[in-house]
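Down below is the structure, laid out as structure tokens.
Please read these numbers as outputs of a predicted model, since none were measured by experiment. Order of appearance sets the numbers: ligands from 1, and atoms from 1 within every ligand. Position 1 is the first residue of the sequence; numbering continues from there.
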Amino acid sequence: MSEVPITADEATHEFGFHTRSVHAGQRPDPNTGARAVPIFQTTSYVFEDPESAAAYFNLQEYGNTYSRIMNPTVAAFEERVANLEGGVGAVAFASGLAAQAAAFVTMLCPGDHVIASSALYGGSITQLKHLFGKLSVELTFVDPDDIDNWRSAIAQNTKLLFGETIGNPGGNVLDIEALAGLAHEHDIVLMVDNTFATPYLCRPMEWGADIVVHSATKFIGGHGTSIGGVVVESGKFDWSNGRFSVVADPSPAYHGLPFHNTFGIYGYLMKLRAETLRDLGAALSPFNAFLFLQGLETLALRIDRHVDNTEAVAQYLAARPDVDRVRYAGLESSKYRKLKERYLPKGAGAVFCFDIQGGWRCGQEFIRNVTLWSHLANVGDAKSLIIHPESTTHRQLNVEELAAAGITPGTIRLSVGLEDVQDLIWDLERGFEAAARARE
Ligand SMILES: *Cc1c(COP(=O)(O)O)cnc(C)c1O
């Protein structure tokens, strides 16, 4: 791979977030001068000679071999996300859930124990409970708000704590620094799903998180067009601490290579790419990586606007008598206000839930009668989105899990987009009128 020259000035200057959102991980293409990141729509790469081909496959040199494992367009995306999150590197995947699964598989063995927040994305709960349950990974879900819940769940075989910066549907803000302290006291990993916050609002690694995962499908892509995910690592975790032999010991899946000893701070990421991505095969397409790079270029601008609109919509809802509660951490009245001020000073994101009076029926009527808000199962689009979690995204959960997740029959989830906020509120008004008719 061509080395990118960096001038001495550039190497010492600290670029701001907006500049890095636009430039990190890419320079004009040395062969063509193309300013935008080219879409390298190729499966494979011609080797210079047999020796370098062998060196690439031995991981003695880092070079492109096959696009299931690496691709220059995907690499630009990986480098940009790693830069924005403050990690040493990143590996992209075909979806957020693929990224998470790969991050878990790379560090966990049967019999290992994971402690996860009960306020996770529904698909993450299902993945951990059923897929990883089948692989004999033990699991404890805890109410994430009290550090003592996490502490008392730690057992001899615990390897990982996992939570979301901003949980759903409660808007729980994770006390990342406290959790990182707890994890490191026990030589275990803290992994944070930063999808709802994005690196613009919060960078969990600055508070001690070891691994950050994203569903790039959401705000990073930002336009509801592409599925993808990414894993970022801080490079600070000591995988040779005796508890992660699967990362540190010679790997039978890579002719005895000890990843952590060989690659140091890049060991976990190298194993994630050269083994897990190779074997699971959930590679991000170069085209989707291109769209995510475009998304990152405007991430900060979009998120500021998402947050402004969301604060206005949340305040409007909180003032209504037919709304039981609004669970947005950006509201003054939120029980997460202190944590929000600490971890999310620029805003609490654009996804939150509220509970409408009248339960399931009023919730459904509300959704049926709004039109500007699109009824669908996604978040983080430029367009405003609405859904009834109990009948859709959280349908797989049983009664206790729904209660633990804080979802009631009247819970409605919003993902606030970039439209004019007056229009969004105008449309919500129509939903409330329909819900009132249903109540009569
Ligand atoms: C959507 C989402 C995921 C899963 O990502 P996909 O790209 O849909 O696989 C994981 N975590 C959170 C918080 C999400 O919103």
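- Residues His23 and Phe15 keep their aromatic ring centres 6.0 Å or farther apart.
- Distances below 4.0 Å separate heavy atoms of Gln100 from the following atoms of ligand 1: 10 (C), 11 (N).
- Closest to atom 9 (O) of ligand 1, if we only count protein heavy atoms, is Leu97 N, 2.8 Å.
- The ring pair (Phe, Tyr, Trp, His ring centres under 6.0 Å) analysis of residues 82-124, with sequence neighbours excluded, yields the pairs Phe104-Phe132, Phe104-Phe162.
- For atom 4 (C) of ligand 1, the closest non-hydrogen atom of the protein is Tyr121 CE2, 3.5 Å.
- Regarding atom 5 (O) of ligand 1, its nearest protein heavy-atom neighbour is Ser215 OG, 3.0 Å.
- Among pairs with a residue in residues 280-290, none fulfils side-chain hydrogen bond (donor to acceptor under 3.5 Å, both in side chains), at least two apart in sequence or across chains.
- Contact between Gly228 and ligand 1 is present, with at least one heavy atom of the residue lying under 4.0 Å from the ligand.
- Nearest protein neighbour of atom 13 (C) of ligand 1, counting heavy atoms only, is Asp193 OD2, 3.3 Å.
- Contact annotation: His214 has no heavy atom less than 4.0 Å from any atom of ligand 1.
- Between Tyr62 and Tyr266, the ring center distance fails the sub-6.0 Å criterion.
- For NZ of Lys346, the number of neighbouring non-hydrogen atoms (other residues, nucleotides, ligands) closer than 6.0 Å is greater than 12.
- Within ligand 1, counting atoms from 1 as listed, the ones closer than 4.0 Å to a heavy atom of Phe196 are 13 (C), 15 (O).
- For the side-chain contact (heavy atoms from CB on, under 4.5 Å) with Leu174, the qualifying choice from Ile166, Thr165, Val192 is Val192, the only one to do so.
- Figure legend: cation-pi geometry between Lys271 and Tyr254 absent, as NZ or CZ is not positioned both under 6.0 Å from the six-membered ring centre and within 45° of its axis.
- By the 4.0 Å N-to-carboxylate-O rule, Arg327 lies close enough to Asp355 to be salt-bridged with it.
- Nearest protein neighbour of atom 6 (P) of ligand 1, counting heavy atoms only, is Gly96 N, 3.3 Å.
- With a 4.0 Å heavy-atom cut-off, ligand 1 is reached by the side chain of Thr217 but not by its N, CA, C or O.
- The protein heavy atom nearest to atom 2 (C) of ligand 1 is Lys218 NZ, 2.4 Å.
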